[in-house]
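Along the sequence shown, residues are numbered consecutively beginning with 1. What you see is a predicted model; the values in this text were computed from it and never measured.
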Amino acid sequence: MSLIIDESMFGKPLKVSGTIVLEDASEDDEAVETEVGTDTDTNTEEQNTEEQNTETQSSDSQEEQNTDEQQETPETDAVDTGSVDDAENDGNTEVIGYAKLRTMMNIRDKNSLDSEIVTIYKKDTIVPILQYCSNSWARIVCEEADCGYAYVCNTDNVYLIIGKSIYTVEKGDTIKSIAAALLEDEERYTEIKTLNEFSSNVIAEGQVLLIPEV
């Protein structure tokens, strides 16, 4: 179809008669569109992969932090008392004393820092003693252990306050009345006070006291 335009027609509506044929996009155009789409998909996949890697690294870091926290133990185990192949056990099952922990302590399955930790006891926990071991450890009653006993370190008598028995304060008790009843001499109240590391004579109902040997 040919179109002739007269100059006199400028500025006037133009009417065109004929047939307009629209050609399909070329294969090259389609290829370009396909390539652009592929690049977009690839970029999206790479971005998703990077996000997944970041999440994985973050998760791994959190797990490592949690593991480190779980492996932290009280500083009282910094003193090395040697190692043993077998736990020291004289077979005694009767309580021979009581110990109050001066600090948080690891409770182990043998009297050695190389042995497994059974549990951890908080500061001021009072435990029954079954045996005083030769290397400054004590074998104690331990409900968390399958065998019913475990071991706690007391190097240089630093970590445990040891008494012969215990007494739970009742209403109306005084430290002097307890000394008179249990030690047969109220003046021995100073021994109870010293053993429990009290700074005054004040005691409270329900409080558990270590009592020295009669």
Side-chain angles (χ1 to χ4, degrees), residues 72-82 84 86-113 115-214:
E72 290 181 359
T73 56
E75 295 180 356
T76 50
D77 273 355
V79 179
D80 186 4
T81 57
V84 291
D86 296 313
E88 188 172 339
N89 185 355
D90 60 6
N92 177 57
T93 58
E94 299 295 328
V95 176
I96 60 174
Y98 291 85
K100 182 178 181 180
L101 277 58
R102 283 195 170 101
T103 183
M104 183 172 67
M105 295 291 291
N106 287 335
I107 309 301
R108 298 181 179 271
D109 64 351
K110 296 179 181 179
N111 51 313
S112 166
L113 297 183
S115 60
E116 296 293 329
I117 297 174
V118 176
T119 187
I120 297 176
Y121 284 162
K122 296 180 180 180
K123 178 183 177 181
D124 295 332
T125 300
I126 295 178
V127 293
I129 298 174
L130 300 174
Q131 177 184 355
Y132 297 105
C133 300
S134 59
N135 61 347
S136 299
W137 287 62
R139 184 166 63 90
I140 63 173
V141 174
C142 178
E143 295 180 356
E144 291 83 358
D146 293 337
C147 59
Y149 61 83
Y151 297 80
V152 60
C153 179
N154 191 33
T155 302
D156 298 327
N157 295 316
V158 171
Y159 306 120
L160 307 180
I161 305 172
I162 296 175
K164 182 63 177 179
S165 61
I166 56 175
Y167 176 77
T168 302
V169 178
E170 297 179 355
K171 185 176 182 179
D173 281 341
T174 66
I175 196 167
K176 285 189 175 183
S177 67
I178 293 172
L182 301 181
L183 303 178
E184 301 177 352
D185 183 355
E186 72 172 16
E187 294 305 318
R188 294 186 66 185
Y189 80 92
T190 56
E191 297 179 36
I192 298 176
K193 183 177 175 181
T194 300
L195 179 62
N196 290 274
E197 299 182 341
F198 291 164
S199 58
S200 71
N201 296 341
V202 178
I203 55 177
E205 182 179 0
Q207 188 174 6
V208 179
L209 306 179
L210 291 171
I211 305 299
E213 192 165 359
V214 178

Could you tell me whether the side chain of [X] and the main chain of [Y] form a donor-acceptor pair under 3.5 Å?
{"X": "D109", "Y": "E116", "value": "yes"}
{"X": "N111", "Y": "A87", "value": "no"}
{"X": "N196", "Y": "F198", "value": "no"}

| message | Which residues pass the side chain to side chain contact (heavy atoms under 4.5 Å, CB included) test with K176, not counting sequence neighbours? | response |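 For K176 the side chain to side chain contact (heavy atoms under 4.5 Å, CB included) partners, ignoring immediate neighbours, are T174, E186, Y189.
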| 4.5 Å side-chain heavy-atom contact, I117 and R108 | yes
| If we only count heavy atoms from C-beta on, is the W137 to L160 side-chain gap below 4.5 Å? | no
Can you give each donor-acceptor pair under 3.5 Å made by side-chain atoms of residues 203-214, sequence neighbours left out, with the distance rounded to 0.1 Å?
from, atom 1, to, atom 2, distance (Å)
Q207, OE1, A204, N, 3.0

Can you measure from [atom1] ([X]) to [atom2] ([Y]) and round to the nearest 0.5 angstrom?
{"X": "N201", "Y": "I192", "atom1": "CG", "atom2": "CD1", "result": "10.5 Å"}
{"X": "C153", "Y": "N135", "atom1": "SG", "atom2": "CG", "result": "8.0 Å"}
{"X": "K123", "Y": "T103", "atom1": "NZ", "atom2": "OG1", "result": "7.0 Å"}
{"X": "I129", "Y": "I140", "atom1": "CD1", "atom2": "CD1", "result": "8.0 Å"}

Restricting to salt bridge (Lys or Arg N to Asp or Glu O under 4.0 Å), what partner residues turn up for [X], sequence neighbours left out?
{"X": "D90", "value": "R139"}
{"X": "E197", "value": "R102"}
{"X": "E191", "value": "R188"}

Atom pairs and distances, side-chain donor-acceptor, residues 162-173, under 3.5 Å, sequence neighbours left out:
from, atom 1, to, atom 2, distance (Å)
Y167, OH, D173, OD2, 2.7
D173, OD2, E170, N, 2.7

Identify every side-chain donor-acceptor pair in residues 142-151 under 3.5 Å, counting partners at least two apart or on other chains, and give the distances.
from, atom 1, to, atom 2, distance (Å)
E144, OE1, Y121, OH, 2.7
Y149, OH, N89, ND2, 2.9
Y151, OH, E88, O, 2.6

| field | Taking every non-hydrogen atom, the tightest pair across S115 and K110 | value |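 It is OG-O, 3.2 Å.
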| task | Could I get the full list of side-chain hydrogen bond (donor to acceptor under 3.5 Å, both in side chains) partners for D86, not counting sequence neighbours? | result |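 Scan of D86 (side-chain hydrogen bond (donor to acceptor under 3.5 Å, both in side chains), adjacent residues dropped) gives none.
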